[in-house]
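Heads up: the structure comes next, in structure tokens.
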Amino acid sequence: METYNQLLKTLEEFNQSHLLQFWNELSSEEQQQLTEDINNLNLCEVTRFFKKANDSIEDEVKKLDDRMEPVPSAQYESYATTSNEQLELYRQQGLEEIAYGHVGVLLMAGGQGTRLGVTHPKGMYDIGLPSRKSLFQVQGERIRKLQQIAEEKTGRKGKITWYIMTSEHTMDQTRIFFENHKYFGLDKNDVVMFQQGLLPCFDFDGKILLDTKSHVALAPDGNGGIYRALRSSGILTDMKNRGVKHLHAHSVDNILIKVADPIFIGYCVSKDAHCAAKVVQKTSPNEAVGVVCKVDGSFQVVEYSEITQKTAELKSSDGSLVFKAGNICNHYFSREFLESVADHHEDQMKLHVAKKKIPYVDENGIRQKPLEPNGIKIEKFIFDVFQFTDKFLTWEVPREDEFSALKNADSAGKDCPCTARNDLFRLHKRYIIEAGGIVQNGDVCEISPLLSYAGENLSSIVEGKVFNSPVLIKSPDEDL
Ligand code: UTP
């Protein structure tokens with residue numbers, strides 16, 4: 001009774017006493033669970049978050065056209081227009097940073113993958129490659145290969161630390177998957193998993209939802225949750241102890257991701273950037289992706305819905321879109337900048353509202369699985385810290401080489417397993433042809449990352465040879 005009274009008093013203060021509605025029906029174990037859930041909520045903070053996020057809904061429908069300008073050309077370079085010599089300099093610098101152990105990868109793998117409709121973490125997804133490798137495996141093997149390339153180039157054996165941000169929903173399965181696959185040949189000590197924070201889900205009036213009678217409905221706090229989690233899980237300290245100075249942060253669902261891309265790292269390090277965004281050119285003014293630009297003089301990602309059609313269609317004298325820099329959740333951060341964000345800016349980050357169908361227990365105690373959005377999840381976005389620095393860069397890369405996202409089930413027809421697979425096949429077929437091989441009877445081509453990181457190292461294997469699709473080219477020691 002004492003616990004109940006204490007909880008009630010706190011909850012009443014924040015207008016959330018409905019969370020105790022089923023208290024008398026709960027076993028003592030369940031009462032303890034609910035007590036823990038409520039005590040873990042920072043009610044003062046989360047109710048303030050709800051208000052701030054709710055107020056921002058109005059801002060989100062306002063168009064930003066008059067306040068926007070493209071990224072200045074001095075802070076925008078493109079792979080396609082950079083000379084081979086300069087690319088090689090960037091690459092060399094990136095490989096040296098890797099060889100010195102200065103580079104870490106931050107994989108964002110805490111999302112729930114609701115559009116894809118899987119119950120396990122997206123990184124475990126078998127996309128249907130001939131090798132049946134998962135997204136995690138492909139990425140882990142790219143890291144292994146890059147460590148090897150860096151050692152060959154520099155004579156130093158450096159490690160890339162792989163930081164993996166999971167959430168309550170993905171942590172256990174991710175850890176077990178990595179253990180079952182022996183960390184894909186990486187040193188277990190160089191794979192560091194941590195959990196992002198959770199926030200309660202609210203109904204539209206600001207009442208926290210119950211997932212069951214004894215559990216509050218919680219959801220991950222968005223990929224922008226990394227800044228708080230990096231500090232609270234000791235990752236910034238770990239980076240410092242290992243000497244990691246540069247982080248390549250990216251989403252789990254891009255099959256073409258160039259993990260720890262040495263060219264990108266070299267570009268950012270050589271220009272002493274605090275942070276940077278890899279971007280691809282928007283395919284058309286109407287493509288629903290955020291654009292990297294400046295708003296009121298600060299760097300920002302502006303969502304498609306925040307620009308009028310007229311501005312989206314604006315063209316430069318060379319015929320490209322003025323606001324062409326499509327954001328692909330692929331970023332560089334210096335450790336120094338991450339520390340300053342975690343220490344000084346994290347609580348100024350914008351809060352975004354996602355209206356979702358959230359399972360909940362209704363006032364009659366019946367668990368409902370709504371068919372229409374019934375509440376909101378509050379999310380922070382990783383890119384909302386660009387505004388905190390001027391030392392920001394943009395690196396544009398060819399989409400066909402570096403970006404194909406897995407968001408939806410095949411029925412959507414885009415950004416789905418089928419398109420992701422085909423984009424990889426197309427790229428790898430091109431690698432074979434560029435190295436002097438011939439592919440016939442189809443387009444299915446997969447080259448193991450353990451053999452080639454980005455198309456290099458293939459001519460001695462494929463030159464003058466004819467391959468029949470489906471093609472799977474492995475590294476000689478792959479099955480040993
Ligand atoms: P998305 O916003 O596309 O979300 O995440 P999602 O979870 O993959 O898919 P939906 O929206 O539920 O269908 C982009 C990247 O950010 C990560 C995801 O794992 C993905 O790599 N992410 C997202 C997190 O790490 N944490 C989050 O809270 C949300």
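Along the sequence shown, residues carry numbers from 1. We count ligands from 1, going down the list as the structure has it; atoms in each ligand are counted the same way.
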task = Determine, stepwise, if the pair Phe184 / Phe136 fulfils ring pair (Phe, Tyr, Trp, His ring centres under 6.0 Å).
result = CA-CA 9 Å; Phe184 311 111; Phe136 282 144; 7.1 Å; no
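- Using cut-offs of 30° and 60° on the angle between ring planes, the pair Phe50 and Phe202 is tilted.
- Under the 6.0 Å cut-off for aromatic ring centres, Tyr227 and His345 do not qualify, their centroids lying 6.0 Å or more apart.
- Residues satisfying the side chain to side chain contact (heavy atoms under 4.5 Å, CB included) criterion with Lys159, sequence neighbours excluded, are Gln147, Asp187, Asp190.
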Throw together a table of side-chain donor-acceptor distances under 3.5 angstrom for residues 203-211, partners on residues two or more places apart or in other chains.
{"unit_1": "Asp203", "atom_1": "OD1", "unit_2": "Asp205", "atom_2": "N", "d": "2.8"}
{"unit_1": "Asp203", "atom_1": "OD1", "unit_2": "Gly206", "atom_2": "N", "d": "3.0"}
{"unit_1": "Asp203", "atom_1": "OD1", "unit_2": "Lys207", "atom_2": "N", "d": "2.9"}
{"unit_1": "Asp211", "atom_1": "OD1", "unit_2": "Arg367", "atom_2": "NH2", "d": "2.6"}

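- For residues 235-262, the set of pairs meeting the ring-ring contact (aromatic ring centres under 6.0 Å, His included) definition, not counting sequence neighbours, comprises His246-Tyr332, His248-His250, His248-Phe264.
- Protein residues with any heavy atom under 4.0 Å from ligand 1: Met108, Ala109, Gly110, Gly111, Gln112, Gly113, Thr114, Arg115, Lys122, Met165, Gln196, Pro220, Gly222, Asn223, Ser251, Val252, Asp253, Lys407.
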